[in-house]
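In what follows, chains are A, B, ... by sequence order, proteins preceding strands, each numbered from 1.
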Protein chains: 2
Amino acid sequence: MSPRREPVSRRERPAKPALSRDGVVGLAFRIMREEGLERVTMRRLASELDTGPASLYVYVRNTAELHGALLDELLAELFVESETLGAPADWRDRLIDLLSRFAELLFGYPSLARSLLVLMPHGPRYLRLVDTVLGLLLEGGASPRAAAWGVDVLVAHAVATAAEHGTRDESVTGADEFDTLATVAASASASDYPHLDRVRDELFSGTGGERMRWSFEVLLRGIESAP
Amino acid sequence: MSPRREPVSRRERPAKPALSRDGVVGLAFRIMREEGLERVTMRRLASELDTGPASLYVYVRNTAELHGALLDELLAELFVESETLGAPADWRDRLIDLLSRFAELLFGYPSLARSLLVLMPHGPRYLRLVDTVLGLLLEGGASPRAAAWGVDVLVAHAVATAAEHGTRDESVTGADEFDTLATVAASASASDYPHLDRVRDELFSGTGGERMRWSFEVLLRGIESAP
DNA sequence: ACCTGAACACCGTTCAAGT
DNA sequence: ACCTGAACACCGTTCAAGT
């Protein structure tokens with residue numbers, strides 16, 4: 001409250017902030033948002049924090065652990081404004097809505113999604129997500145086993161879809177025409193690949209959102225009727 | 001057959017082979033088999049071929065394209081000895097068998113699976129796999145749309161599972177106890193995560209094979225009854 | 001035309017040494 | 001105890017220059 005609590009620092013740099021785990025993760029999150037996960041490197045973080053890369057290893061174990069922290073940061077957005085809709089929807093709708101929002105979040109950060117596939121996250125917000133999905137499956141009458149095994153499949157599906165189709169330039173592969181299955185499938189001969197030929201039109205029909213919803217519904221229907 | 005067809009070469013090196021795309025891919029495949037995909041680097045390939053890394057770019061566009069070629073090489077094993085079993089099984093069994101063998105193949109090369117998630121492969125053997133899966137789904141009475149959208153989900157599920165749980169040391173993450181969800185879930189408080197607590201035992205029940213089969217069955221059941 | 005040495009622009013992680 | 005300079009051991013890709 002009191003004005004000019006401190007004299008203006010003698011240097012132009014706005015007072016080098018003390019290093020801390022939160023500081024490192026926060027900076028990493030900002031860079032991920034603004035430039036994508038590939039720009040979040042130990043060296044980049046270090047140089048932005050005016051230190052050497054070795055210093056970061058005091059606060060994070062390694063890159064994988066840092067990515068885990070970034071996921072949990074991202075998942076914070078999943079649990080704000082949860083109850084905006086008036087009518088308390090059907091468990092199935094709530095579940096598909098939750099999973100879709102989770103997937104949507106990851107779609108913005110496909111590299112993070114790819115990292116998660118090998119990471120096995122375990123932050124509190126991730127556990128919250130798993131617990132909520134489990135609760136909805138059980139509410140829908142799934143057996144404990146079907147719920148437990150099902151939550152894995154559902155979450156993994158969301159992550160994998162984001163890793164595959166996530167939007168953001170990145171352009172790991174040169175975005176020439178070489179890379180689209182559409183062109184390959186289009187030129188695949190009907191005699192070599194008769195079934196592919198038969199469903200050709202449907203292979204690339206629908207929007208990403210439609211297919212995502214469809215696949216969650218398929219998964220759910222299967223899990224419900226599983227032993 | 002004839003003895004000593006060639007004089008012993010003057011040098012000890014067994015006559016530097018001429019570079020070719022097949023030579024590069026073949027060497028890459030051998031290194032992947034023996035040491036894992038992480039060891040397959042442009043620099044490693046080049047040094048093994050007694051040249052500089054730049055030379056490889058005459059034969060492969062980039063690393064992603066090389067990985068695509070490695071997948072197609074690997075898939076060759078999927079189509080040998082297809083008809084070993086006597087009885088022509090149910091379409092559902094044949095489909096699950098095919099997908100399981102595909103997944104099993106990838107389980108040995110989790111890094112390749114991770115690469116595929118972003119690659120969109122399109123080699124002839126991959127198209128063969130897709131076409132065969134499509135055929136079986138259609139045989140089972142799936143609509144063209146359900147088959148087309150379903151094949152995507154099925155194949156992606158196999159790839160993602162391999163990327164996640166694939167075996168091979170690799171140890172991207174230090175294999176300390178820190179990394180298992182089991183320990184985290186075990187210590188997750190029942191009051192914070194009640195549903196997780198309720199199904200705790202089932203979360204880690206079953207073998208990888210059982211859960212894989214279960215998930216394919218779940219997916220299939222869902223796809224069958226999809227519009 | 002085909003090939004490549006050398007450079008460009010980076011990585012993650014460790015460890016001995018400083019304060 | 002906490003921190004870090006410098007090193008270790010690498011990457012993929014490009015391009016000017018050679019044959």
Side-chain angles (χ1 to χ4, degrees), chain A residues 13 15-25 27-28 31-32 35-70 111-112 114-119 169-176 178-179, chain B residues 13 15-25 27-28 31-32 34-70 111-112 114-116 118-119 169-176 178-179:
Chain A
R13 268 223 170 254
K16 178 180 174 180
L19 261 56
S20 69
R21 184 179 159 92
D22 281 357
V24 172
V25 173
L27 174 61
I31 296 177
M32 181 175 82
E35 305 176 42
L37 186 69
E38 14 298 303
R39 298 270 186 233
V40 180
T41 68
M42 294 301 199
R43 282 163 189 275
R44 168 72 186 277
L45 291 170
S47 92
E48 206 118 327
L49 291 167
D50 278 322
T51 184
S55 307
L56 303 177
Y57 288 80
V58 178
Y59 306 105
V60 294
R61 181 181 302 237
N62 53 33
T63 312
E65 202 230 19
L66 177 61
H67 290 180
L70 290 176
S111 305
L112 184 62
R114 283 191 279 281
S115 207
L116 297 185
L117 275 175
V118 67
L119 191 67
D169 29 31
E170 287 187 353
S171 63
V172 176
T173 320
D176 333 66
F178 125 92
D179 140 74
Chain B
R13 268 224 171 253
K16 178 180 173 180
L19 260 58
S20 70
R21 184 182 160 92
D22 281 357
V24 171
V25 173
L27 173 61
I31 297 177
M32 180 176 83
E34 292 171 5
E35 305 175 41
L37 186 69
E38 12 300 301
R39 297 269 187 234
V40 180
T41 68
M42 293 301 198
R43 283 162 188 275
R44 167 73 185 276
L45 291 171
S47 91
E48 205 118 327
L49 292 167
D50 278 324
T51 183
S55 307
L56 303 177
Y57 288 80
V58 178
Y59 306 104
V60 293
R61 182 182 302 237
N62 53 33
T63 311
E65 203 231 19
L66 177 62
H67 289 181
L70 290 175
S111 305
L112 184 62
R114 282 192 279 281
S115 206
L116 297 184
V118 66
L119 190 67
D169 28 33
E170 287 188 353
S171 63
V172 175
T173 320
D176 333 65
F178 126 91
D179 140 74

Heavy-atom closest pair, residues A:His67 and A:Leu119: C-CD2, 4.1 Å
- prompt: Among the nucleotides C:dT4, D:dT4, D:dC8, which one has an atom lying closest to any side-chain atom of A:Arg43?
  reply: D:dC8
query: Between D:dC3 and A:Ser55, is there an OP1 or OP2 to side-chain N/O distance shorter than 4.0 Å?
result: no
query: For C:dG12, which nucleotide is its Watson-Crick or G-U wobble mate, given both distances must be under 3.5 Å?
result: D:dC8
message: What is the distance, to the nearest angstrom, from the CZ atom on A:Arg44 to the C1' atom on C:dT13?
response: 20 Å
query: Can you name the closest pair of heavy atoms from B:Val40 and B:Met32 and give their distance?
result: CG2-N, 3.7 Å
task: For residues B:Leu66 and B:Leu45, determine if any side-chain heavy atom of one lies less than 4.5 Å from a side-chain heavy atom of the other.
output: yes
message: Under 4.0 Å, heavy atoms only, any strand: does B:Thr41 hit a base, just the sugar-phosphate, or nothing?
response: sugar-phosphate
- request: Side chain of A:Ala54 only, please: which of C:dG12, D:dA6, D:dG12 is the nearest?
  value: D:dA6
task: Taking atom C1' in both D:dC2 and C:dA17, compute the distance separating them and give it to the nearest angstrom.
output: 13 Å
message: Between B:Arg39 and B:Glu48 (salt bridge meaning N to carboxylate O under 4.0 Å), is one present in this structure?
response: no
message: From CG of B:Leu66 over to P of D:dG12, roughly how many Å is that when rounded to an integer?
response: 10 Å
- prompt: Using the P atom in both, what is the distance from C:dA9 to D:dC8, to the nearest Å?
  reply: 23 Å
query: Given atom CD of A:Glu38 and atom P of D:dT13, what is their separation to the nearest angstrom?
result: 14 Å
Along DNA chain C (nearest heavy atom to each residue), the more 5'-positioned of B:Tyr59 and A:Val40: B:Tyr59
- prompt: Starting at CE of B:Met42 and ending at P of C:dC3, how long is that distance when rounded to a whole Å?
  reply: 16 Å
message: Would you say that A:Leu19 contacts A:Thr51 through its side chain, given a criterion of any heavy-atom pair below 4.5 Å between the two side chains?
response: yes
- prompt: So which nucleotide does D:dC3 pair with, by the Watson-Crick or G-U wobble rule with both distances under 3.5 Å?
  reply: none
- request: Taking only the side-chain nitrogens and oxygens of B:Thr63, find out if one of them lies under 4.0 Å from OP1 or OP2 of D:dT13.
  value: yes
- request: Round to the nearest Å and state the distance from A:Tyr57 atom OH to C:dT13 atom C1'.
  value: 5 Å
message: Taking only the C1' atom of each, what is the distance from C:dA6 to C:dC10 in whole angstrom?
response: 16 Å
Residue B:Thr51, side-chain heavy atoms: nucleotide from C:dT4, D:dT13, D:dT4 that is nearest: C:dT4
message: Just the rounded figure in Å: distance from P of C:dA9 to CZ of A:Arg39.
response: 13 Å
task: Would you kindly give the CG-to-P distance between A:Asn62 and C:dT14, to the nearest whole Å?
output: 8 Å
- request: Please report, rounded to the nearest Å, how far the C1' atom of C:dC2 is from the CZ atom of B:Arg21.
  value: 18 Å
